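Since the structure comes first, as structure tokens, the remarks are kept for the end.
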2 protein chains.
Amino acid sequence: MATSFAEENYLKIIYRLSESTLEDISTNAVAELTQTKAASVTDMLRKLAEKGWVNYQKYQGVRLTEEGEKIALSVVRKHRLWEVFLVEKMGFNWDEVHEIAEQLEHIESEALINKLDEFLDFPKTDPHGDPIPNKEGILPELSYVLLSDLKENKACVLMGVAKDSAIFLQLLTRLNLSLGAKLMVKEINPFDRSVSVSINDSEPVFISHEVAKNILIKLG
Amino acid sequence: MATSFAEENYLKIIYRLSESTLEDISTNAVAELTQTKAASVTDMLRKLAEKGWVNYQKYQGVRLTEEGEKIALSVVRKHRLWEVFLVEKMGFNWDEVHEIAEQLEHIESEALINKLDEFLDFPKTDPHGDPIPNKEGILPELSYVLLSDLKENKACVLMGVAKDSAIFLQLLTRLNLSLGAKLMVKEINPFDRSVSVSINDSEPVFISHEVAKNILIKLG
DNA sequence: ATAAATTTTTAGCCTCGACTAAAAAATATT
DNA sequence: AATATTTTTTAGTCGAGGCTAAAAATTTAT
């Protein structure tokens, strides 16, 4: 079944919201990200449910079905591959590409996206560090990710460090950062790329980009 | 003023039709190329006229205004640059790219299209030999074009040959092809790329691709 | 446990861009 | 010149995807 531009956007946004929680996604949350009103979202969710792409019960929120997730992943794949293209080949900065990729992600051509993937040398992540699903819709296992590449509000666990100099490890200790610590990036400050991180659900503390890029973490 | 997907398509198609005639473009001609019905075209022409992009009087056909032509040229520029990209960088064949370019031509980003132009080394023509407007919307003067690169139903004049071997010129003479002859390609046969050409308004004759690609012509 | 506040849904309406059927204008034919 | 044919426009309708205002359900607070 063909998917419209609008449908693809809804599925993508529900997917994104599902990444950071196991709960059902609320109508309002979707409305905020789609830049529409709750009433419009309700309409669309009913339509998506009819097509079998989401499970939706009134007042109960929404979740993607397996089929819906497949479509969402293909949109996400296209979005992220185009972002790599824009940065690596077109020379855009990482902060300029989102809006353009929002348009390019709806171009319909399996052949094109697979050729693009090859042209870009099958990248595993986009310029923001988000993983790119392969053509089967499978997200690559990113065993280790740098804390500096993590998005806001993603749960993760500290798995190691990329530098083991004494002063660096002393700093980590002082910040209460130890192996196995549960981390969540609450805020990324564009000015100096410093991050505000909650450690084991505590109040967030500031960590410089220099430190963050030497911390290895595992998602989830 | 922002242009919708549909509006851009109409302007582009009116532009294409205007290329091969000086007369006003008929509602039916537009309907055929947009794959819509005449009634729908009438509606849209009224809207385009209101926005100042076409001159339109009921029953009199339509022409682009200067502003309308500017928009059309920017869509054509995008379409043709993306076609070059698809063939040169993505490895598509010249006959596979039209549908994908029909989608890509509506991506809205001046910055992207100019970077793409640069990435492709400022090509003058697309893979089908059509000229690519520059960023000011000016079509390059293609002083000489190969007959083999010409589209169907474009008037042109024989301006020279790319090969001057005796047997080649003898063949041209036999076909009544001489300098200054008025030519129009009536049909391109995909099988062997041979062309059926009307010479000085005569009944069309068949010319092989091998011959056509050695004939230099001037448009118009 | 009730009342208050918030979230979600319903109902009705709007614009865009298409459609069909019928009317009107333009063009072609005798 | 009158009639037949073709082209174009008008009138009315439809679906997609939005909106607002009001109603209903859920959640939070007292």
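So that the names make sense, note that chain A is the first sequence line, chain B the second, and so on, each numbered from 1. In this text, all values refer to a predicted model and were calculated from it rather than measured experimentally. The analysis underlying the following values was restricted to heavy atoms, covering all of them including side chains, and did not include hydrogens, waters or symmetry mates.
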Give each protein N/O atom lying under 3.5 Å from an N/O atom of nucleotides 17-21 of chain D, with the pair distance.
{"residue": "D:dG17", "atom": "OP1", "partner": "A:S4", "partner atom": "OG", "Å": "2.7"}
{"residue": "D:dG18", "atom": "OP2", "partner": "A:Y10", "partner atom": "OH", "Å": "3.4"}
{"residue": "D:dC19", "atom": "OP2", "partner": "A:K37", "partner atom": "N", "Å": "2.9"}
{"residue": "D:dC19", "atom": "OP2", "partner": "A:S40", "partner atom": "OG", "Å": "2.5"}
{"residue": "D:dT20", "atom": "OP2", "partner": "A:K37", "partner atom": "NZ", "Å": "3.4"}

Residue among A:L64, A:I13, A:V54, A:L17 satisfying side-chain contact (heavy atoms from CB on, under 4.5 Å) with A:I25:
A:L17

Using whole Å, report how far CG of B:L45 lies from C1' of D:dT9.
11 Å

Using whole Å, what does the distance between atom P of nucleotide C:dT8 and atom CG of A:D24 come to?
11 Å

Value in whole Å for how far the P atom of D:dA16 lies from CG of A:N9:
17 Å

Judged by modelled atom types alone, do B:D192 and B:S194 share a side-chain donor-acceptor pair under 3.5 Å?
yes

Grab the NZ-C1' distance between B:K58 and D:dA11 for me, whole Å please.
13 Å

Classify the angle between the aromatic ring planes of B:F119 and B:F85 as parallel (below 30°), tilted (30 to 60°) or perpendicular (above 60°).
tilted

May I have the distance from A:Y59 (atom OH) to C:dT6 (atom C1'), rounded to whole angstrom?
12 Å

Is the shortest side-chain N/O distance from B:S26 to OP1 or OP2 of D:dT7 below 4.0 Å?
no

Taking only the side-chain heavy atoms of A:T42 (C-beta and beyond), determine which of C:dT7, C:dT9, D:dT8 contains the nearest atom.
C:dT9

Value in whole Å for how far the P atom of C:dG17 lies from NE2 of B:H106
12 Å

Contacts of B:K12 meeting side-chain hydrogen bond (donor to acceptor under 3.5 Å, both in side chains) (sequence neighbours excluded), chain-then-number -> B:N9, B:E102, B:E105

If you measure from CZ on A:R193 to CD1 on A:I207, what distance do you get to the nearest 0.5 Å?
15.0 Å

Check: A:F92 and A:I100 side chains under 4.5 Å, non-hydrogen atoms
yes

Could you tell me the separation between the CG atom of B:N28 and the C1' atom of C:dA25, rounded to a whole number of Å?
14 Å

Whole angstrom is fine here: how far is it from OH in B:Y56 over to C1' in D:dT10?
11 Å

Once rounded to the nearest 0.5 Å, what's the spacing between atom NZ of A:K51 and atom OG1 of A:T3?
8.5 Å

Given D:dT10, is OP1 or OP2 found less than 4.0 Å from the side-chain N or O atoms of B:R46?
yes

